Participant: 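Please read through the structure below; I'll follow up with questions.
Everything numeric in this text was worked out from a predicted model, so none of it was measured.
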Amino acid sequence: MKEIRFHGRGGQGVVKSAQIIVQTVVESGLYGQFIPFFGVERKGSPVFGFLRIDDSDIKVKCQVHSPEVLMIFDDTLLKMPQTFAGLEENAIVIINTTKNIEELNLPDIKMKVYTVDATGIALETIEKDIPNTAMLGAFAKATELVNWYILKDKIKLAFNEDNVMSAQLAFEKVKLSN
C-alpha cells in the first residue's frame with residue numbers, strides 16, 4: 001500500500017486533487033481512499049489530507065503517519081514541524097515552489113525532492129491561483145502511481161481543457177532537485 005500525505009492551504013484544491021487521484025486509480029483497477037483533515041475551514045488555512053493507493057481493499061481508516069509521498073502545495077508549510085513528521089526514508093516529496101533546493105531549508109532526511117512552480121503554471125493556464133491540477137501532473141510524473149491518460153481524462157471531466165494543460169505543463173516541468 002502506498003501512503004501519501006497532502007499539505008496545502010484552503011482554496012488550493014487539495015481535496016479535489018486527491019479525489020481525482022482516487023477516481024483515477026479506481027478506474028485503473030486499483031483501490032484508493034482519501035481522508036481530508038481541516039482545521040479552521042477558511043481560505044488560506046492549513047489543510048491536510050491522507051491518501052492511500054493499493055491493489056487490494058483498503059481497510060485502514062486513519063491518518064497517514066509514515067508517508068511514502070508528500071505533496072506540499074505551499075512552500076510556506078515547509079516550516080511547520082508536522083509537514084515532515086514520520087516521513088519514510090527515500091520518500092518522494094513534491095513541492096510547489098519557485099525556490100531552489102538550497103533555499104527551502106529542508107530537514108536532514110533522506111528523500112527525493114521534486115519541485116515545480118505549480119502556482120505559476122496555474123496562473124498561466126487557468127488564470128487562477130489554484131495549483132491543484134498542476135500538482136496532479138507533477139504527482140503523476142514523480143511517482144508513476146497513476147495512469148497519466150486516465151488522470152488527464154478525470155481532470156478534463158472535473159474541470160476543463162485549460163486544467164489539463166496545467167497538469168501537462170507540470171508533468172513536463174517538474175524536476176528532481178536533489
Participant: Among pairs that include at least one residue of residues 97-108, which meet side chain to side chain donor-acceptor pair (under 3.5 Å), considering only residues two or more places apart or in two chains?
Facilitator: Asp75-Thr97, Asn100-Glu103
Participant: Could you tell me whether the side chain of Phe6 reaches within less than 4.5 Å of the side chain of Ile4, counting heavy atoms only?
Facilitator: yes
Participant: Is there a side-chain contact between Val116 and Lys175 (heavy atoms, below 4.5 Å)?
Facilitator: no
Participant: Do the side chains of Val69 and Val15 join up, straight or via other hydrophobic residues, at under 4.5 Å, putting them in one cluster?
Facilitator: yes
Participant: Search all heavy atoms of Gly11 against all heavy atoms of Ile130 and return the closest pair with its distance.
Facilitator: O-CG1, 3.7 Å
Participant: For Lys110, is the NZ atom crowded, meaning more than 12 foreign heavy atoms sit under 6.0 Å from it?
Facilitator: no
Participant: Any idea which heavy atoms bring Ile121 and Ala134 closest together, and the distance?
Facilitator: CG2-CB, 4.1 Å
Participant: Just verifying a value: how many Å separate Leu151 CG and Ser28 OG, rounded to the nearest 0.5 Å?
Facilitator: 9.0 Å
Participant: How close do Leu70 and Pro67 get, heavy atom to heavy atom, and via which atoms?
Facilitator: CD2-CG, 4.0 Å
Participant: Using salt bridge (charged side-chain N to carboxylate O under 4.0 Å, His left out) as the criterion, list what pairs up with Lys156, not counting sequence neighbours.
Facilitator: Glu161
Participant: Is there a side chain to side chain contact (heavy atoms under 4.5 Å, CB included) between Ile101 and Val113 once you walk through the steps?
Facilitator: CA-CA 8 Å; Ile101 191 90; Val113 179; 3.6 Å; yes
Participant: Hey, can you pull the donor-acceptor pairs under 3.5 Å for the side chains in residues 20-27, sequence neighbours left out?
Facilitator:
| unit_1 | atom_1 | unit_2 | atom_2 | d |
| --- | --- | --- | --- | --- |
| Thr24 | OG1 | Ile20 | O | 2.8 |
| Glu27 | OE1 | Lys154 | NZ | 2.6 |

Participant: Please report the shortest heavy-atom distance between Glu3 and Ser66, naming the atom on each side.
Facilitator: OE1-O, 4.0 Å
Participant: Taking Met165 as the starting point, is it possible to reach Phe139 by hopping between hydrophobic residues whose side chains are less than 4.5 Å apart?
Facilitator: yes
Participant: Contact between Phe48 and Arg5 at the side-chain level, heavy atoms closer than 4.5 Å - yes or no?
Facilitator: no
Participant: Side chains of Met111 and Leu106: does their closest heavy-atom pair fall under 4.5 Å?
Facilitator: yes
Participant: Other than Val60, what residues sit in its cluster of Ile, Leu, Val, Met, Phe, Trp and Tyr side chains whose heavy atoms are under 4.5 Å apart, directly or through others?
Facilitator: Met1, Tyr31, Ile58
Participant: If you look at every heavy atom in Ser177 and Thr115, which pair is closest and at what distance?
Facilitator: OG-OG1, 2.7 Å
Participant: Given 3.5 Å as the limit, does a donor-acceptor pair link the side chain of Asn160 with the main chain of Asn163, or not?
Facilitator: yes
Participant: Which residues satisfy the salt bridge (charged side-chain N to carboxylate O under 4.0 Å, His left out) test with Asp74, sequence neighbours excluded?
Facilitator: Arg9
Participant: Would you say the side chain of Ile53 lies within less than 4.5 Å of the side chain of Gln33, judging by non-hydrogen atoms?
Facilitator: no
Participant: Using a 3.5 Å distance criterion without hydrogens, assess whether the side chain of Arg52 forms a donor-acceptor pair with backbone atoms of Gly32.
Facilitator: no
Participant: What pairs with Asp57 under salt bridge (charged side-chain N to carboxylate O under 4.0 Å, His left out), at least two apart in sequence or on another chain?
Facilitator: Lys59
Participant: Between atom OG of Ser56 and atom CG of Leu30, what is the distance when rounded to the nearest 0.5 Å?
Facilitator: 10.0 Å
Participant: Residues two or more places apart in sequence or in another chain: which of them pass ring-ring contact (aromatic ring centres under 6.0 Å, His included) with Phe171?
Facilitator: Trp148
Participant: Do Tyr114 and Thr143 make a side-chain contact, defined as non-hydrogen atoms from C-beta onward lying under 4.5 Å apart?
Facilitator: no
Participant: In chain order, what residues pass the side-chain hydrogen bond (donor to acceptor under 3.5 Å, both in side chains) check against Ser17, with sequence neighbours excluded?
Facilitator: none
Participant: Are any non-hydrogen side-chain atoms of Leu169 and Thr125 less than 4.5 angstrom apart?
Facilitator: yes
Participant: Under 3.5 Å, sequence neighbours excluded: what are the donor-acceptor pairs made by side chains of residues 85-96?
Facilitator:
| unit_1 | atom_1 | unit_2 | atom_2 | d |
| --- | --- | --- | --- | --- |
| Asn96 | OD1 | Ala118 | N | 2.9 |
| Asn96 | OD1 | Thr119 | N | 3.2 |
| Asn96 | ND2 | Phe73 | O | 2.9 |
| Asn96 | ND2 | Thr119 | OG1 | 2.8 |

Participant: Tell me every residue that passes side-chain hydrogen bond (donor to acceptor under 3.5 Å, both in side chains) with Asn178, counting only those two or more places apart in sequence or in another chain.
Facilitator: none
Participant: Rounded to the nearest 0.5 Å, how far does CG of Asn147 lie from NZ of Lys152?
Facilitator: 10.0 Å
Participant: So which atom in Phe50 and which in Val64 form the shortest heavy-atom distance, rounded to 0.1 Å?
Facilitator: CD2-N, 3.1 Å
Participant: Between Met71 and Met135, is any pair of side-chain heavy atoms under 4.5 Å apart?
Facilitator: yes
Participant: Distance from Phe34 atom CZ to Gln19 atom CD, nearest 0.5 Å?
Facilitator: 7.0 Å
Participant: Who passes salt bridge (charged side-chain N to carboxylate O under 4.0 Å, His left out) against Lys173, sequence neighbours left out?
Facilitator: none
Participant: Show me the donor-acceptor pairs, under 3.5 Å and distance only, between side chains in residues 77-84 and residues at least two apart or in other chains.
Facilitator:
| unit_1 | atom_1 | unit_2 | atom_2 | d |
| --- | --- | --- | --- | --- |
| Thr83 | OG1 | Leu77 | O | 2.6 |
| Thr83 | OG1 | Met80 | O | 3.3 |

